[in-house]
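None of the values given here were measured: they were computed from a predicted structure.
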There are 2 protein chains.
Amino acid sequence: MKTAQQTNQKNAVLTKIQQNVLNVIREFMENNSYPPTLSELGQALHININAVRDHLHALERKQVLRCIPNISRGIELLHAKPEGIPIYGFVPAGHPFMSQENIVDTFEIRRYISASNNVFGLYVRGDSMKDAQIATGDLLFVDPDVEARDGRMVVALVEGEPTVKWLQKEGSTISLVPANKKYKPIVVDKNDENFKIVGVVVGMIRAMDKLRIDKMVNLKKAS
Amino acid sequence: MKTAQQTNQKNAVLTKIQQNVLNVIREFMENNSYPPTLSELGQALHININAVRDHLHALERKQVLRCIPNISRGIELLHAKPEGIPIYGFVPAGHPFMSQENIVDTFEIRRYISASNNVFGLYVRGDSMKDAQIATGDLLFVDPDVEARDGRMVVALVEGEPTVKWLQKEGSTISLVPANKKYKPIVVDKNDENFKIVGVVVGMIRAMDKLRIDKMVNLKKAS
DNA sequence: TCAATTACTGTATATTATTACAGTATTCAT
DNA sequence: ATGAATACTGTAATAATATACAGTAATTGA
């Protein structure tokens, strides 16, 4: 006989069978685009639907899923599996830095670079931003929706040619300053029709594996 | 009256109403963890369930979804929406670089840095890798499963202290070379117990927004 | 103008799926 | 040893869903 009030047990440990039920649900949802019904779970687990029901209610009490009443396939998995990869603190920081407690963040690009929905990537070629630690092959994240304030690194179109430079505003003139003494700043008028700021550089990524470098060389040849 | 054979129309254009039905299905699935039933769609669209059915069959013929027979909520959307953000070619490359055809890749971190499942992130502090274009605040992707060959950038533990350096192998000795003339290489024996290579640096990401910099300063204070 | 497609309504029916009720048996902590 | 949670079986009622059949009406391309 079913007993009455069963208290909420957040973060309670799952039994082996409950874990198994959860795994079967996950597997089903990976293969099927819709959650399983009670009888489908019963078949998969070789048990009666009411046993399945008991398990689902237990899993609900333990906060790993939610059952929506009177809805077919009304199972909602909570705690959506963390998608990102772990990010540890500074180098050099503390000694046992590769521990669970030292994960200061999880890698999730949009959150990291806090960009709008219009961000796009752009590969860098040339050494004009060398002193800003930006090299050929680097991938820049450019956000058109971020305000291009003085001092920010921007991507601009000068007479149709895209370039990455520091932005420097002085009255009605705008200077596009490279981070390399070898090159001179480009000075244009604020209202120059041949000049347009595409977006602000909000992030950067660099691949250090040979495969990517080869790919970039191929791209270079193709262009 | 329903007419007989209706040919497959892959890539056919959706009518306005069909597009609307698809949008409602997408919206429902974003909010609900399970696909909608016919009557739920009927309610949302203010039409009879058999009208919904007709639309679903039309969408099925046009290959945008699949209806699984005799299965409640048996709707499977095809052509899963592209998750990544677009990545354009080199800068400077061609003039109209922000066009659909110039998307050379889509941003998806794991594919980009071609790393194992054990990659982790690590923030950099200090200027010892300055000449390799790596600065304080940069986030390194370190892969413990990549072979630490001569010349690669590695994260090593020297007497418990983690450091980022170039790896240089010479016979039985290993040199950890900084990319900054201000600092001297660390030379250790191959079998030194106080020395361990944690992983190879396979990628790097840099955030250029102020918020992140503030966060990093806070982390610095806390450590 | 004719066939095909689109866009619906309405009633009915079969199937699918959830819920309810009534048990049995085991384990586990107090 | 007693209450509570776990782990099941079985039958039945009810609600939720999908499907079938029979239409109507407007639009579109050949």
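- Side-chain atoms of B/Asn50 and base atoms of C/dT11 include a donor and an acceptor less than 3.5 Å apart.
- Note on A/Arg73: every side-chain N or O is 4.0 Å or more away from OP1 and OP2 of D/dT17.
- Heavy-atom distances under 4.0 Å link DNA chain D to B/Leu38 of residues 38-47 of chain B, given in residue order.
- Counting to the nearest Å, the P atom of C/dT19 and the CD1 atom of A/Ile75 are 10 Å from each other.
- For A/Asp54 against D/dC8, a side-chain-to-base donor-acceptor contact under 3.5 Å is present.
- Taking 4.0 angstrom as the limit, A/Gln18 places none of its side-chain polar atoms (N or O) nearer than this to OP1 or OP2 of D/dA5.
- With D/dT6, D/dT17, C/dA7 as the choices, the nucleotide that has an atom nearest any side-chain atom of B/His55 turns out to be C/dA7.
- Between the CG atom of B/Asn70 and the P atom of D/dT19 there is a distance of 5 Å, given to the nearest Å.
- In this structure, the CZ atom of A/Arg66 is 16 Å from the C1' atom of C/dT18, given to the nearest Å.
- Between A/Ile49 atom CD1 and D/dA12 atom P the separation is 13 Å, expressed in whole Å.
- Ion pair B/Glu40/B/Arg73 flagged as a salt bridge, since at least one NZ, NE, NH1 or NH2 atom sits closer than 4.0 Å to an Asp/Glu carboxylate oxygen.
- Nucleic acid contact class of A/Arg53 (heavy atoms, under 4.0 Å, all strands): base.
- A 4.5 Å side-chain heavy-atom check between B/Ile174 and B/Asp189 finds every atom pair outside the cut-off.
- With hydrogens and angles ignored, the 3.5 Å screen pairs a side-chain donor or acceptor of B/Asp143 with a backbone N or O of B/Asp145.
- Residues A/Trp166 and A/Met129 meet the side-chain proximity criterion, which asks for heavy atoms closer than 4.5 Å.
- Rounded to whole angstrom, the span from the CD1 atom of B/Ile71 across to the C1' atom of D/dA16 amounts to 14 Å.
- Nucleotide C/dT5 holds its P atom 14 Å from the NE2 atom of B/His57, rounded to whole Å.
- A donor-acceptor pair under 3.5 Å is absent between the side-chain atoms of A/Ser33 and the main chain of B/Gly74, judged by distance alone.
- Within 4.0 Å of B/Asn48, counting heavy atoms only, lies at least one base atom of the nucleic acid.
- Between the P atom of D/dA5 and the CG atom of A/Leu14 lies a distance of 16 Å, rounded to the nearest Å.
- Distance CD (B/Gln19) to P (C/dT6): 15 Å, rounded to an integer number of Å.
- Across D/dT19, D/dT17, D/dA7, the shortest atom-to-atom separation from the side chain of B/Ser72 is found for D/dT17.
- Side-chain atoms of A/Thr15 lie closest to D/dT6 of the nucleotides D/dT6, C/dA7, D/dT17.
- Side-chain contact between B/Leu38 and B/Leu56: present, with at least one pair of heavy atoms (C-beta onward) separated by less than 4.5 Å.
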- Evaluate the criterion side chain to side chain donor-acceptor pair (under 3.5 Å) for residue pair B/Glu27 and B/Asn31; output intermediate values, then yes/no. CA-CA 6 Å; B/Glu27 200 187 343; B/Asn31 296 328; 4.5 Å; no
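- Qualifying side-chain hydrogen bond (donor to acceptor under 3.5 Å, both in side chains) partners for B/Gln43, counting only residues two or more places apart in sequence or in other chains: none.
- With hydrogens and angles ignored, the 3.5 Å screen pairs a side-chain donor or acceptor of B/Asn32 with a backbone N or O of B/Phe28.
- Comparing the axis of the opening five pairs of the helix from C/dT1-D/dA30 to C/dT30-D/dA1 with that of the closing five pairs yields an angle of 40°, rounded to 10°.
- Comparing D/dT6, C/dC8, C/dT19 against the side chain of A/Lys62 picks out D/dT6 as the nearest.
- Side chain of A/Thr15 to backbone of A/Gln18: a donor-acceptor contact under 3.5 angstrom is found.
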